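Here's the structure we're looking at; comments come further down.
One-based numbering, in listed order, for ligands and for the atoms of each. In this text the structure is predicted, and so the values were computed from the model without any measurement. Heavy atoms only: backbone and side chains are in, while hydrogens, waters and symmetry mates are out.
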Amino acid sequence: MPLAPRLRPGQAQALEIVPTGAALGADIRGVDLRSIDESVFAAIYEAWLDHAVVLFRNQHLADEDLIAFSRRFGTLDHAPIQENGRRFVEGRPEIYVVSNVVEHGVAIGSLGAGEAVWHTDMSYLPDPPKASALYSLEVPATGGDTCFCTMYGAWDALPDDLRGLAQTLRVKHDGTYNSGGYVRAGVTPTDDPRTAPGTLHPLVCTHPETGRRHLYLGRRRNAWLEGLPLDESNALLDRIWEIATADRLAWRHRWQPGDLVVWDNRCAMHRRDAFDPGARRVMHRTQIKG
Ligand code: SIN
């Protein structure tokens, strides 16, 4: 891939922040993420807090550039273990590969080519990442779009009869399945959310940086509202999820190679469309500690 010219130190970057027009997301233009200074990063960070998801097109990031840029948001997590129990990218434990590509009979990444359902990254942990950065190296001609939805909007959209109740509830976030439906390495599968591995988090949270209230849902599969009989919990969760994932609260991203998308994992959820398993899709992801 040809490298774009780097800006000289001190050379101004004409940062342009263009909201997507949807309920969340902004396109940030005019930056080469390999060579930004503190003031440019401060503007990016503010836009990210404001819009929950930011997109940078036409980037030329080696893994070390992706790691360096991601580190500006905070300390990085090590990538989760791949579905087959491997870690990937030798010497780069921060990089998680999302890919359907199989080389010499071994998957190079996770999540395959199927749909990845709506989720928050790693919410089954007590301290999930605050942000994730996903960089596209190879994308299929069609399919594999990633959609984002706003959990601020989900809170705002809750009807009055649900708001009071929602603030008293905690959700059990399941650690059995990943968003592609694969069982996590080392876990014995179960479909009883009450006994499944996972963590309880409040259903309604206040964002520690923006101070705005939002829902925190994680994943629908194997979720449970603490203390409620399963059928009541399921009925209530189904109602809340329908509100939270309405089209009007979402934004769809059609990938090109060289796109970097950074989302606020606290107040936005994401999902991915299925794509042709014969096509190649290779993405590298980092996660910033919560
Ligand atoms: C992810 O869930 O982190 C991956 C999303 C995608 O592959 O677009």
Worksheet item: In the hydrophobic clustering (ILVMFWY, side-chain contacts below 4.5 Å, transitive), which residues join L203, or is it alone?
Response: W118, M151, W155, L158, L162, L165, L169, V171, V204, L215, L217, L225, L228, L236, L237, I240, W241, I243, M269

Discussion item. If the condition is side chain to side chain contact (heavy atoms under 4.5 Å, CB included), which residues does D247 pass it with, not counting sequence neighbours?
Written reply: none

Worksheet entry | Salt bridge flag under 4.0 Å for residues D156 and R213 | no

Under 3.5 Å donor-acceptor pairs involving side-chain atoms of residues 193-202, not counting sequence neighbours:
{"residue": "R194", "atom": "NE", "partner": "D192", "partner atom": "OD1", "Å": "3.1"}
{"residue": "R194", "atom": "NH2", "partner": "D192", "partner atom": "OD2", "Å": "3.1"}
{"residue": "T195", "atom": "OG1", "partner": "D192", "partner atom": "O", "Å": "3.3"}
{"residue": "T199", "atom": "OG1", "partner": "Y124", "partner atom": "O", "Å": "2.5"}
{"residue": "H201", "atom": "NE2", "partner": "S123", "partner atom": "O", "Å": "3.0"}
{"residue": "H201", "atom": "NE2", "partner": "L125", "partner atom": "O", "Å": "3.0"}

Discussion item. Any donor-acceptor pair under 3.5 Å linking the side-chain atoms of Q59 with those of R57?
Written reply: no

Response to the item:
Contacts for ligand 1, heavy atom under 4.0 Å, by chain and number, are V98, L111, H119, D121, L134, T146, W263, H270, R272, R281, R285

Practice prompt. Evaluate ring-ring contact (aromatic ring centres under 6.0 Å, His included) for F73 paired with Y45, printing each intermediate quantity in order.
Written response: CA-CA 8 Å; F73 286 80; Y45 197 85; 5.6 Å; yes

